Amino acid sequence: MKFTAGQLAALINGTVEGDAGAVVNTYSKIEEAHEGSLTFLANPKYTHYIYTTDASVVLVSNDFVAEHEIKATLIRVEDPYATLAQLLNMAEQMLNPRKSGIEQPSFVSEGVELPDDIYLGAFAYIGKDVKLGKGVQIYPQVYIGDNVEVGENTILYPGCKIYHGCKIGKNCILHAGSVVGSDGFGFAPNGDSYIKISQIGNVVIDDDVEIGANTTIDRATMGNTHIKRGVKLDNLVQIAHNVEVGECTVMAAQVGVAGSTKIGCHNQFGGQVGVAGHITIGDHNGIGAQSGIPNSIGSNARVIGSPAVNALEFARAQVYVKRLPEMANDIKALKKVLESK
């Protein structure tokens, strides 16, 4: 589908600078763009590409100041990255229109009411006393256990498994292979073996949460494992029993959070972060990739390393780590001088 710069600007409340008739029909990264592409500039380290890009139209911020001539047409907006997200969402809706209807074979337990606008894919299973909101989309091979609640406009992609008693809010997205409500990892030592501790709680997921492919969220031993509004979990994340993840926290792939840890709001976790159990993490923290978090953290911290330390202290320490061979040689030389006296 083709759009002119002028048409796009009208859609996103932007201001055209250049040829309003410039036509785009695809999206590209600024360093790889070609004629007919729409791209954007949000990160300053990519600024030099705007002077050489072959893109036809570039989204830039209102305060962007060009230092050289730019051949592309610009559309000035408040936030280029957020605006691109808005346009990509529009494109996805056009390319992948919403599914509807009930495919067979699928199984729906007696007494479960299906909304008129539901999509229920083939080989899906819906257990007893399940409650489904309007606009729910359930793709093929999804399993929904007894007494589960799924809110309006939530999408369950192929192969999602929702165990009994779990609650999922409105406008959530659960990607393929995600598992919600599997047993927490609870075992009591008993001589040379272990006794399984029954996990009789559930998982509660609030509105506007997105859960990546093959991510697992364990049910609570008692009470709830709670994923609060706006949380975004990447692929292959593990959330253990009785964990609480605060509003609008984001976790990159392979983060693991051990049981009963409480995490505040607006935290950012890099990939492969490991978090110990029974600790508390405050609000607005940035935790670098592969960090190990053995103890509680307050708020507004930037940490990295294992065990994690303040990010600036870690960077300073790394300067000395790189110099350790040189420093070792200096110490040996000094030792020789001292021994010769």
Side-chain angles (χ1 to χ4, degrees), residues 1-3 7-8 10-12 24-27 38 82-182 202-217 227-235 237:
M1 189 169 288
K2 297 181 179 180
F3 292 91
Q7 290 171 327
L8 286 174
L11 277 174
I12 58 179
V24 295
N25 58 13
T26 190
Y27 298 85
L38 170 68
T83 301
L84 181 72
Q86 177 187 347
L87 289 172
L88 288 174
N89 288 337
M90 291 179 185
E92 183 184 29
Q93 290 169 11
M94 289 185 286
L95 294 171
N96 301 299
R98 186 187 184 281
K99 291 178 176 286
S100 63
I102 299 172
E103 299 175 354
Q104 296 297 343
S106 57
F107 178 83
V108 181
S109 294
E110 185 176 352
V112 173
E113 295 185 11
L114 300 180
D116 293 337
D117 56 353
I118 192 173
Y119 166 62
L120 181 63
F123 300 100
Y125 177 99
I126 299 180
K128 298 177 182 177
D129 299 316
V130 168
K131 296 180 180 178
L132 301 173
K134 295 179 180 179
V136 165
Q137 294 185 271
I138 300 170
Y139 278 71
Q141 297 183 329
V142 168
Y143 170 86
I144 300 179
D146 297 347
N147 297 296
V148 167
E149 296 181 16
V150 181
E152 295 178 6
N153 299 315
T154 283
I155 302 173
L156 306 179
Y157 280 112
C160 289
K161 313 300 179 188
I162 315 298
Y163 283 49
H164 63 278
C166 294
K167 302 180 188 299
I168 300 174
K170 301 176 183 178
N171 305 311
C172 294
I173 300 173
L174 278 68
H175 287 281
S178 54
V179 178
V180 175
S182 51
N202 70 348
V203 175
V204 176
I205 296 175
D206 292 347
D207 300 343
D208 305 313
V209 170
E210 184 159 351
I211 296 171
N214 294 320
T215 282
T216 55
I217 304 174
I227 310 299
K228 294 189 177 181
R229 183 191 62 80
V231 168
K232 312 299 181 188
L233 304 180
D234 197 0
N235 304 332
V237 170

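All values derive from a computational prediction rather than experimental measurement.
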- Task: Mind checking side-chain hydrogen bond (donor to acceptor under 3.5 Å, both in side chains) for Thr26 and listing every partner two or more places apart, or none if nothing turns up?
- Result: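 Applying side-chain hydrogen bond (donor to acceptor under 3.5 Å, both in side chains) to Thr26 gives none.
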- For residues 115-135, pull every pair meeting ring-ring contact (aromatic ring centres under 6.0 Å, His included), keeping only residues two or more places apart or in separate chains. Phe107-Tyr125, Tyr119-Tyr139, Tyr125-Tyr143
Please give me the minimum heavy-atom distance between [X] and [Y], naming the atom from each residue.
| X | Y | value |
| --- | --- | --- |
| Arg98 | Asp117 | NH2-O, 2.8 Å |
| His175 | Ala213 | CB-N, 3.5 Å |
| Val209 | Lys228 | CG2-O, 3.3 Å |
| Tyr27 | Leu84 | CD2-CD1, 3.8 Å |
| Cys172 | Gly169 | SG-O, 3.8 Å |
| Ser178 | Gly212 | CB-O, 3.7 Å |

- Message: Under 4.0 Å between a side-chain nitrogen and a carboxylate oxygen: does that hold for Lys167 and Glu149?
- Response: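 So Lys167 pairs with Glu149 through a salt bridge.
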- Message: Please check this pair: side chain of Glu103 against backbone of Ala122, looking for a donor-acceptor N/O pair closer than 3.5 Å.
- Response: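 At least one qualifying donor-acceptor pair exists.
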- Can any side-chain N or O of Lys232 pair as donor or acceptor with the backbone N or O of Asp208 at less than 3.5 Å? yes
Could you give the distance from [atom1] ([X]) to [atom2] ([Y]), rounded to the nearest 0.5 Å?
| X | Y | atom1 | atom2 | result |
| --- | --- | --- | --- | --- |
| Asp207 | Asn171 | CG | CG | 6.5 Å |
| Ile126 | Ser109 | CD1 | OG | 8.0 Å |
| Leu114 | Asp116 | CG | CG | 9.5 Å |
| Asp206 | Ile227 | CG | CD1 | 9.0 Å |
| Ile144 | Leu120 | CD1 | CG | 8.0 Å |
| Ile173 | Cys160 | CD1 | SG | 11.0 Å |

Does any part of the side chain of [Y], heavy atoms only, come nearer than 4.5 Å to the side chain of [X], both counted from C-beta?
| X | Y | answer |
| --- | --- | --- |
| Lys170 | Asn153 | no |
| Leu38 | Phe3 | no |
| Ile211 | Leu174 | yes |
| Asn147 | His164 | no |
| Ile102 | Val108 | no |
| Asp129 | Asp146 | no |
| Val150 | Ile162 | no |
| Tyr163 | Val203 | no |

- Message: Please determine whether the number of non-hydrogen atoms from other residues, nucleotides or ligands lying under 6.0 Å from atom CD of Gln104 exceeds 12.
- Response: yes
- Please report the C-alpha distance between Leu87 and Met90 in whole Å, then the side-chain angles of each, then the deciding distance to 0.1 Å, and finally whether the side-chain contact (heavy atoms from CB on, under 4.5 Å) criterion is met. CA-CA 5 Å; Leu87 289 172; Met90 291 179 185; 4.2 Å; yes
- Task: Please lay out, stage by stage, how Leu132 and Ile138 fare under the test side-chain contact (heavy atoms from CB on, under 4.5 Å).
- Result: CA-CA 10 Å; Leu132 301 173; Ile138 300 170; 4.1 Å; yes
